[in-house]
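A short write-up of the structure that comes next.
We're numbering straight along the sequence, starting at 1.
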Amino acid sequence: MNILIVEDDPLMRDLLLTIVGSIRNGLLLHEAEHADTAWSLWCTQPIDLVLCDWNLQGIDSGLDLARRIRQQNKSVPIVMVTGRGDRQSVIASHRAGLNGYIVKPFTPEDVMERLTPFFKLAAGKDAPGASNEPTDWVAWLESQSKHLDHLTLLPDAQKVLTLQWQQELPTAKSLAKLWQDDVIITSRLLSVANSSEMRRYGRSVPTLLDAIATMGVSMAIAQVSALLLNQGSTDRPPTIRNRMQRYSEESQRVAETAAQLAARLKLDPAPYYTAGLLYRLGEFALLDVIEQHPNPGIPPDEAMLDRLMNLFSARYGNAVKISWQLPLQMREYIGAIHHLPSDTVRRDLLLMHLAGLQTQPQADTAKLVRLQRALGFQ
């Protein structure tokens with residue numbers, strides 16, 4: 001779906017690009033500062049939705065642009081962004097053929113609420129089983145890879161994860177207050193805190209605050225991130241759902257193994273656990289984008305998914321790491337799971353690579369032994 005955003009204020013334009021890009025993956029966002037640039041884009045690009053500011057610098061206003069577009073196309077949705085809420089402005093917008101308007105100042109929720117129905121309408125026109133032609137997935141994903149600066153994958157997990165690498169960690173008390181009304185998070189943390197590994201002193205952990213204090217703030221954040229990363233997969237197509245479940249289980253095994261190895265070396269397990277959780281971040285991003293194709297035709301089978309993963313998962317993963325602003329150390333940890341240069345002597349990277357190898361069903365035994373010796377486990 002192609003969306004044209006017309007706004008002469010660069011800060012406001014960037015804000016709208018970010019909000020609109022977060023509504024759904026697979027959007028192609030075009031931006032223009034002036035009405036003449038917007039008109040050129042309209043004439044050369046297949047635009048499906050126009051989001052335009054009322055007051056634009058230059059001869060033409062946003063309303064003038066809307067009238068010109070409407071003369072050519074009677075059906076494309078046009079939504080005006082304006083600080084005007086008076087009766088005359090509302091009447092003028094209806095006469096210009098606008099489909100709606102967003103009044104400044106607005107919240108991200110306001111924009112999403114106004115625009116989401118138009119996305120559903122577009123999907124309804126494109127999707128209903130009309131096409132059985134196979135999609136050229138490689139070409140389409142290649143085109144999407146150029147627009148991953150607007151990809152917002154798993155925003156709840158991202159929001160929680162960023163707590164872990166702030167300059168000052170939140171306190172156990174503040175996290176308990178933040179999560180106290182979430183039954184699923186509370187149950188997860190109490191279960192982990194009361195597990196055999198955590199219950200070293202033979203006493204139970206009765207409250208959420210006690211659970212966070214027992215495992216430590218960083219590990220509590222990592223555990224909640226794991227929970228959020230695993231949510232929302234039940235309503236996906238079977239091929240996507242099964243693949244996501246597989247990657248989720250692999251990531252969980254790597255995370256738990258890395259945390260155990262770190263504990264044996266008397267290191268803080270939390271960052272190693274988090275890196276393990278993000279082991280398949282590129283694959284998750286790729287599957288998310290595949291699912292958002294507006295008219296997929298025949299969905300990719302397992303063989304095609306394997307091919308797409310080999311071609312794009314690393315590129316998509318790097319894009320998401322940049323978008324999430326992962327610290328360099330975390331990126332190194334994730335990368336070490338996949339590949340370790342032969343001359344590496346850093347203990348933290350050796351640990352992560354060993355965690356990845358130990359979870360593989362047919363790992364190189366000789367390499368396992370070398371890594372275990374290098375880390376002092378043998």
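Within the structure, salt bridge (charged side-chain N to carboxylate O under 4.0 Å, His left out) contacts touching residues 350-376 (residues at least two apart or in different chains) do not occur. Listed by first and then second residue, the salt bridge (charged side-chain N to carboxylate O under 4.0 Å, His left out) pairs that reach into residues 337-359 are E332-R346, R346-D348, sequence neighbours excluded.
Note that CG of L351 and CZ of R264 are 10.0 Å apart. Values are rounded to the nearest 0.5 Å. Note that the CD1 atom of I102 and the CE atom of M112 stand 11.0 Å from one another [nearest 0.5 Å]. Here the CE atom belonging to M309 is positioned 5.5 Å from the CG atom belonging to L305, to the nearest 0.5 angstrom. Summarising the geometry, atom CD1 belonging to I185 is positioned 7.5 Å from atom CG belonging to L178; distances are rounded to the nearest 0.5 Å. Considering CD of Q372 and CG of L357, their distance stands at 9.5 Å, rounded to 0.5 Å. L163 contributes atom CG, which lies 8.5 Å from atom CG of L169 (distance to the nearest 0.5 angstrom).
I337 and M330 fall into different hydrophobic clusters, where Ile, Leu, Val, Met, Phe, Trp and Tyr are joined by side-chain heavy atoms under 4.5 Å apart, directly or via other members. L350 and Y273 are members of different hydrophobic clusters when ILVMFWY side chains are connected at heavy-atom separations under 4.5 Å. Cluster annotation: L368 and V254 are assigned to the same hydrophobic cluster (Ile/Leu/Val/Met/Phe/Trp/Tyr, side-chain heavy-atom contacts under 4.5 Å, transitive). Hydrophobic clustering places V138 together with I240 (ILVMFWY residues linked when any side-chain heavy atoms are closer than 4.5 Å, directly or through intermediates). Both M215 and L175 are part of a single hydrophobic cluster, where members link through side-chain heavy atoms under 4.5 Å apart.
Shown here for M352 and A336, the closest heavy-atom pair between the two residues is CB-CB, 4.1 Å. Of all non-hydrogen atoms in P206 and S204, the two that sit nearest each other are CD-O, 3.5 Å. Between K321 and I334, the shortest heavy-atom distance links the atoms NZ-CG2, 3.7 Å. M80 and A66 make their closest contact through CE-CB, 4.2 Å (heavy atoms, listed as atom of the first residue, atom of the second, distance). Contact between I212 and A220 at its shortest, heavy atoms only, is CG2-CB, 4.0 Å. The nearest pair of heavy atoms linking Q252 to A226 is OE1-CB, 3.9 Å.
Judged by distance alone, with hydrogens and angles left aside, the side-chain atoms of R331 form a donor-acceptor pair with the main-chain N or O of L326 at under 3.5 Å. Proximity of a side-chain donor or acceptor of N73 to a complementary backbone N or O of I69 within less than 3.5 Å is not detected. With hydrogens and angles disregarded, no donor-acceptor distance shorter than 3.5 Å links the side chain of T344 to the backbone of L340. A donor-acceptor distance shorter than 3.5 angstrom exists from the side chain of T274 to the backbone of A270, with no hydrogens or angles considered. S225 contributes a side-chain N or O that, together with a main-chain N or O of I221, makes up a donor-acceptor pair within less than 3.5 Å. No donor-acceptor pair closer than 3.5 Å links the side chain of S313 to the backbone N or O of N310. A donor-acceptor pair is defined here as one N or O able to donate and one able to accept, closer than 3.5 Å; such a pair exists between the side chain of N194 and the backbone of V205.
You'll find the side chain of I290 reaches within 4.5 Å of the side chain of L141, heavy atoms only. A 4.5 Å side-chain heavy-atom check between R13 and D53 finds every atom pair outside the cut-off. At a threshold of 4.5 Å between non-hydrogen side-chain atoms, the residues L15 and L11 do not count as touching. Inter-residue side-chain proximity for L49 and I78 is flagged as unmet; no heavy-atom pair is nearer than 4.5 Å. Side chains of H338 and Y279 form a contact here, defined as non-hydrogen atoms less than 4.5 Å apart. Here the side chains of L4 and L51 are not in contact, with every heavy-atom distance at 4.5 Å or above. D36 has its side chain out of reach of L65: every pair of non-hydrogen atoms, C-beta onward, lies at least 4.5 Å apart. Contact annotation: the side chain of E7 never approaches that of E33 to less than 4.5 Å [non-hydrogen atoms, C-beta and beyond].
In this structure E250 satisfies the side-chain hydrogen bond (donor to acceptor under 3.5 Å, both in side chains) test together with R280, sequence neighbours excluded. A search for ring pair (Phe, Tyr, Trp, His ring centres under 6.0 Å) contacts involving Y333 returns Y272, not counting sequence neighbours. For Q362, there are no side-chain hydrogen bond (donor to acceptor under 3.5 Å, both in side chains) partners at least two apart in sequence or on another chain. Here F312 pairs with nothing under the ring pair (Phe, Tyr, Trp, His ring centres under 6.0 Å) rule; sequence neighbours left out.
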Derivation and outcome, side chain to side chain donor-acceptor pair (under 3.5 Å), residues S40 and T37 | CA-CA 5 Å; S40 297; T37 307; over 6 Å; no
Any chance you could lay out the side chain to side chain contact (heavy atoms under 4.5 Å, CB included) test for Y316 and L281, step after step, and finish with the verdict?
-> CA-CA 8 Å; Y316 275 54; L281 189 57; over 6 Å; no
When you look at L189 and L208, which way does the side chain to side chain contact (heavy atoms under 4.5 Å, CB included) test go after all the steps?
-> CA-CA 7 Å; L189 294 183; L208 176 60; 3.7 Å; yes
Verdict with supporting geometry, F377 and L371, side chain to side chain contact (heavy atoms under 4.5 Å, CB included) = CA-CA 9 Å; F377 293 142; L371 286 170; over 6 Å; no
Could you go step by step and tell me if Q358 and L261 meet the side chain to side chain contact (heavy atoms under 4.5 Å, CB included) rule?
-> CA-CA 11 Å; Q358 286 188 344; L261 293 173; 4.2 Å; yes
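Between the side chains of E256 and Q260, no donor N or O sits under 3.5 Å from an acceptor N or O. Judged purely by distance below 3.5 Å, without hydrogens or angles, the side chains of S251 and S248 never pair a donor atom with an acceptor atom. A donor-acceptor contact under 3.5 angstrom links the side chains of H30 and N2, judged on distance only.
The residues R246 and E283 are annotated as not salt-bridged, no charged nitrogen and carboxylate oxygen being separated by less than 4.0 angstrom. One finds a salt bridge joining E302 and R243 here, because a Lys/Arg side-chain nitrogen approaches an Asp/Glu carboxylate oxygen to under 4.0 Å.
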